[in-house]
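Everything on this sheet refers to the single structure shown next.
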Amino acid sequence: MRQPESHQKILYTRADLRRLGITFSNATLLRQEAAGRFPRRIYLSPASVAWVSAEIHAHIQSKIADRDGGEPTP
């Protein structure tokens, strides 16, 4: 099991995702997460969710690598 870093940055709102260019509806995000095609949210409370910033950025980098034929970008 992966050990959490003590100071991982999290994205608290959908607006944080939109600033990164991720504009999916909530329903689409839920489907993408369930299918393993987008990093899963963490539940801070029953009514509050967040995403781990490093996981979102890694996801974006993997999409860039896929587009570029599997070559990681610097």
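By convention here, the first residue in the shown sequence is residue 1.
- Among Ile56, Leu11, Thr28, the one residue that satisfies the side chain to side chain contact (heavy atoms under 4.5 Å, CB included) test with Ile22 is Ile56.
- Closest non-hydrogen pair, Leu20 versus His57, comes out as CD2-CE1, 3.7 Å.
- At least one side-chain heavy atom of Leu30 sits less than 4.5 Å from a side-chain heavy atom of Arg41.
- When each of Glu55, Arg31, Glu33 is checked for a side chain to side chain contact (heavy atoms under 4.5 Å, CB included) with Phe38, only Glu33 meets the rule.
- Looking at heavy atoms from C-beta onward, Leu44 lies in side-chain contact with Tyr12 at the 4.5 angstrom threshold.
- Taking both residues in full, the closest heavy atoms of Trp51 and Pro39 are given as CD1-O, 3.7 Å, listed atom of the first, atom of the second, then distance.
- With sequence neighbours left out, the salt bridge (Lys or Arg N to Asp or Glu O under 4.0 Å) criterion links Arg19 to Asp16.
- Considering every non-hydrogen atom in both Arg37 and His59, the closest pair reads O-CE1, 3.0 Å.
- The 12-atom threshold is not exceeded at CZ of Arg40, counting heavy atoms of other residues, nucleotides or ligands nearer than 6.0 Å.
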